[in-house]
There are 2 protein chains.
Amino acid sequence: MQTTSATLSLLREIKGPTGICSIKGKRNQNLRGKLQRAGRNMSPKITTELLRQLRQVMKTSKYVTEPIQAYIVPSGDAHQSENIAPCDCRRAIISGFDGSAGTAIITEQKAAMWTDGRYFLQAAQQMDSNWTLMKMGLKDTPTQEDWLVSVLPEGSKVGVDPFIIPADQWKRMSKALKSAGHVLVPVKENLIDAIWVDRPQRPCKPLMTLDLSYTGIGWKEKIAALRAKMVERKVLWFVVTALDEVAWLLNLRGSDVEYNPVFFAYAVIGTDTIRLFISGDRMADPSTREHLLLDSALEAEFKIQVVPYESVLTELQAICVGLSPKEKVWLSDKASYALTEAVPKAHRYLTPYTPICIAKAVKNTVEAEGMRRAHIKDAVALCELFNWLEKEVMKGSVTEISAADKAEEFRSQQNGFVDLSFATISSTGPNGAIIHYKPVPETNRALSGNEIYLLDSGAQYKDGTTDVTRTMHFGTPSAYEKECFTYVLKGHIAVSAAIFPKGTKGHLLDSFARSALWDCGLDYLHGTGHGVGCFLNVHEGPCGISYKTFADEPLEAGMIISDEPGYYEDESFGIRIENVVLVVPAKTKYNFCNRGSLTFEPLTLVPIQTKMISVPLLTQKECDWVNDYHRKCREVIGAELKSQGRHEALQWLIRETEPITKMH
Amino acid sequence: MQTTSATLSLLREIKGPTGICSIKGKRNQNLRGKLQRAGRNMSPKITTELLRQLRQVMKTSKYVTEPIQAYIVPSGDAHQSENIAPCDCRRAIISGFDGSAGTAIITEQKAAMWTDGRYFLQAAQQMDSNWTLMKMGLKDTPTQEDWLVSVLPEGSKVGVDPFIIPADQWKRMSKALKSAGHVLVPVKENLIDAIWVDRPQRPCKPLMTLDLSYTGIGWKEKIAALRAKMVERKVLWFVVTALDEVAWLLNLRGSDVEYNPVFFAYAVIGTDTIRLFISGDRMADPSTREHLLLDSALEAEFKIQVVPYESVLTELQAICVGLSPKEKVWLSDKASYALTEAVPKAHRYLTPYTPICIAKAVKNTVEAEGMRRAHIKDAVALCELFNWLEKEVMKGSVTEISAADKAEEFRSQQNGFVDLSFATISSTGPNGAIIHYKPVPETNRALSGNEIYLLDSGAQYKDGTTDVTRTMHFGTPSAYEKECFTYVLKGHIAVSAAIFPKGTKGHLLDSFARSALWDCGLDYLHGTGHGVGCFLNVHEGPCGISYKTFADEPLEAGMIISDEPGYYEDESFGIRIENVVLVVPAKTKYNFCNRGSLTFEPLTLVPIQTKMISVPLLTQKECDWVNDYHRKCREVIGAELKSQGRHEALQWLIRETEPITKMH
């Protein structure tokens, strides 16, 4: 699944009693998808009254110290999450536009929405005439700063929720406004929440504890390792703000945010204290209490103080009051302005990636084994699905939506299944060319023997997270379709089989994925790979493979990323071949003067449709790669299909993993 | 030639009456090299008295507003040049250390020198016990800022020449000092100059004018194009600070700095004025006056005002006094702190690459033709050299130095030869593994039939600039040497034959050069290519191919860069294969939806020694590339050798360009 595809569409239509969809995986695996798809709002939301109310509170001293002339509503939540909970969908509430990316700015007279090319159409449909759509990426579209400067009266105040805006964005915006004589100010309370009548509560779902058989390392050990890093960098305190970092650190999982098994919490780690900021009743659960040793006699430095979620700011401020001159507090540079500002500048230690983010990316052997198990189960589900599709598609009764639902059904039959890891991209023919497509009733298309089908899907299992894309044809692909598929495959193999010295950053591998396409004048406009969590977020830092991101950390053995080149022909078809791969040591003849070398091992073991391959375009080495890969699929997944008694899918697997041969 | 190799060693020993080596190319082609090599100072300079004097002027109100407690002496000149003139070798004067990279800091008690791994040994040898060597890149070495903070008394003032320090470095240093309670201050006059008794004068050599047959575009047209960019960016003034940008803009060349055909000058371009800051007597030359139309009736906006070089700061300050609120002045963000600071912040418009830098990088057809001609002449010289070497080496009389001198001799016989384009890297056996090696008497080694010889050399011709590396063996290379050479060749070909969409940045091609080496666990620790000027600096921005530089501009048809992967085996041998290549449009099957595609055309046409190739390691496509390349060498260079009557070299060329065949 591509990293720019973060989608939170229509969460507000499907929320349960706690404000989030309460229909989960196994119990009702298809219902959620159906509800979600049925609810898409394609007519504009009438926002006149809401905007009037907002402009009212923009002058109300309960919310703002002085009246503000503009209010900024970003997309995110207080943890800079990619997926957000319904209670955080503030920009959607005020504007009606519920795409995954967009920033609203409301002045006394105007309301404007900045979003990117993926959402021009949707935003135009969902917003009423109170709103001006600002099409980002087009030449004549002003930046938010420039627009504000052009419309604001002299010496204006611009408000924003300091918990929602990351510190670096605050800095940029504040500087631009200041140089034009305005000032950016934090509001006392979120102004959208102030006017949001039936705002859902913040989700507070039960937690799941993970024991050593899943995590490999206990939370005490993780905290000890973090403290070692703190000593190394000479910092006294570390503030954990990202939800997946809190979850990883404490070996806990939740379901507060869709697709991401995380829960709302912060943690503040001192050299001999641990504060966990979380809504209190969740700590009443005996298994959680036991897991966190809340009632045990324990070394003082591992005693967890449970503190209400909302008190993180005041507690952090109190900590900072007590700091001696050279004492430092470590935060991510993506943390909110509110928390960053709570630490006086002289005491701040900011890094782009936290030590937790980096440690989390390197999977230990237990985690890697879990990921392997998850991918075996996932492959079983996909073999079942593809076998089913081959029989059903030609009857004409399968649609993009029903195929996605069937995929979820097969996955949910697997042991340890928890949820999908993202909204399934199930697309056929021209829909495949829309990179971030998700089928909805208005666009739903029947699968057929005449066009290419692309399925990009994945799941959360208690052992690990999956993300796989296969592109297939149920009839006879054209020579051109095969040609394009083969170039994409060559790119996939070039990355998967790449050998590179330790210390190499992922972005240096990006061009390997494109070389075969480039030779023929083809390309794709997305990155090649992203980090994948272990029963955590399907997109995680700090590594990846892209032509764009140069802030990535070097690849290390144990890191897990996706390898997903593609090719998209507008209004015609889409091709993507995606495996999740594990970084492993490589054997080379000369071993980089003992610097050591790395390569990838595919964790995804799902056949690549050989019918789509134009074998003469492959080199012998590439042919061998395909045959070796299919041999492994047959061995590993075949054994699992057999032991699960899935004989028809096994037959399908055997057919699909027949070796290919290059004629001489 | 590698971009980090900037060397200015021993310039002060070889300066002529105007303070720079007056021994030029044709007249005395070998003398300069000999003088240079003989003069290398490997015993420490006694600096006690100099340091005493410097510490004196650090407190003298003629030079500093208030006494300063530390003084920083960077490497550069006021134009941030890679090569500097003898009068600018201030860091070498105060310390004795004359490597190309290093920063000296002198406090009231201490003196410290920061330099990188290339120079640890040399710096240690050249500096006396007054100095502490700070080995950059080692874990325990403090940064300059950290060291200053650790040694300075509270509330210290640290001085630096504001003309020498780039604005961005000032900013970083100033911030760090400020946060520790100190302050960075500009000195009134350079303190080294104040104590430098026999400081050479700033070079002021005659200028050379280039007509349209060399430049393709007249200087008036270039200024009009620059003004169009200024209008686009809404700036009123443009300050040209880099020497090669002044030279390119006015179609003039000089010889003030070794190897770079530039002259000391600034230019300030207004919407209807041109100010050229240059030492006045150079404008007395009739051909220069005519070229610049100084005495012609001319549209007012092209009338050049000639202003003394030294008055650039006061003139710029005067311009800024007259600016209306929104009027901007455009500068490179690498311009000196003095000039940047002369423009009030609100009026400053800084960019990493200037429009001149970008325009200069894209060679027009006349320049590209000139570069082609220069490379043909250069290849003739190298064919002569290699033919001579093959005969002479086995006699045992050829050394690295005599080979370099012979190369210069053959080049100087070519029409339009002006100078070398950098100090020749002539290295055999273990010396080849020192990437930035330059032979000196202490290290000079005889070429033999037992080891690999690497020659990285180039010249300035009036038509263009060359830079070529060939690696060869005069006896029988070992299987391992051939294997390594062949991987390097595969990397060279992978870049040279790469096809990529328009808009691709060079750094995305870097891994292509390494892939074959990586597969066997080998790598090289330098970039793969740099921009090359047209009868200008052999290293120029804004494009290149490297794993490190991500600030490069996209490659465009007409840009010229080097393609120079290598492999270095410590204490054993070095291999590098370097061609200068021109970015040209490519023909592809599908042409990136009319986005267009690019590839490279080699301008360098010198045989690659086939004796060094392990043919079975090449693919058929790579074999074809080698044979096509050699066919072109034979055709183009063969014709030129014939017309120059160089029959023996022609026979050598024909032998060396025999096709290779892959056995089946």
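Letters A, B, ... mirror the listed sequences (proteins, then strands); counts begin at 1.
S511(B) contributes a side-chain N or O that, together with a main-chain N or O of L508(A), makes up a donor-acceptor pair within less than 3.5 Å.
Taking CG of L509(A) as the start and OG of S515(B) as the end, the distance is 9.5 Å to the nearest 0.5 Å. Taking SG from C593(A) and CG from L522(B), the interatomic distance works out to 7.5 Å, rounded to the nearest 0.5 Å. Summarising the geometry, atom OH belonging to Y590(A) is positioned 8.5 Å from atom CD belonging to E569(B); distances are rounded to the nearest 0.5 Å. Put simply, CG on D519(B) and OG1 on T599(A) are 9.0 Å apart, with the number rounded to the nearest 0.5 Å. For the atom pair NE2 (H507(B)) and NE2 (H507(A)), the distance works out to 6.5 Å, reported to the nearest 0.5 Å.
For chain A, the nearby part of L525(B) is the side chain; its heavy atoms alone come within less than 4.5 Å. Only the backbone of N591(B) comes within less than 4.5 Å of a heavy atom of chain A; no side-chain atom from C-beta onward does. Interface remark: Y524(A) contributes no atoms to any contact with chain B (heavy atom separation under 4.5 Å).
Between D523(B) and R595(A), at least one side-chain N (NZ, or NE/NH1/NH2) sits under 4.0 Å from a carboxylate O, which counts as a salt bridge.
Within the 4.5 Å cutoff, side-chain heavy atoms of T504(A) are placed close to those of W518(B).
Contact tally against chain A (heavy-atom pairs below 4.5 Å) for D570(B), T619(B), L517(B), I499(B): the top residue is I499(B).
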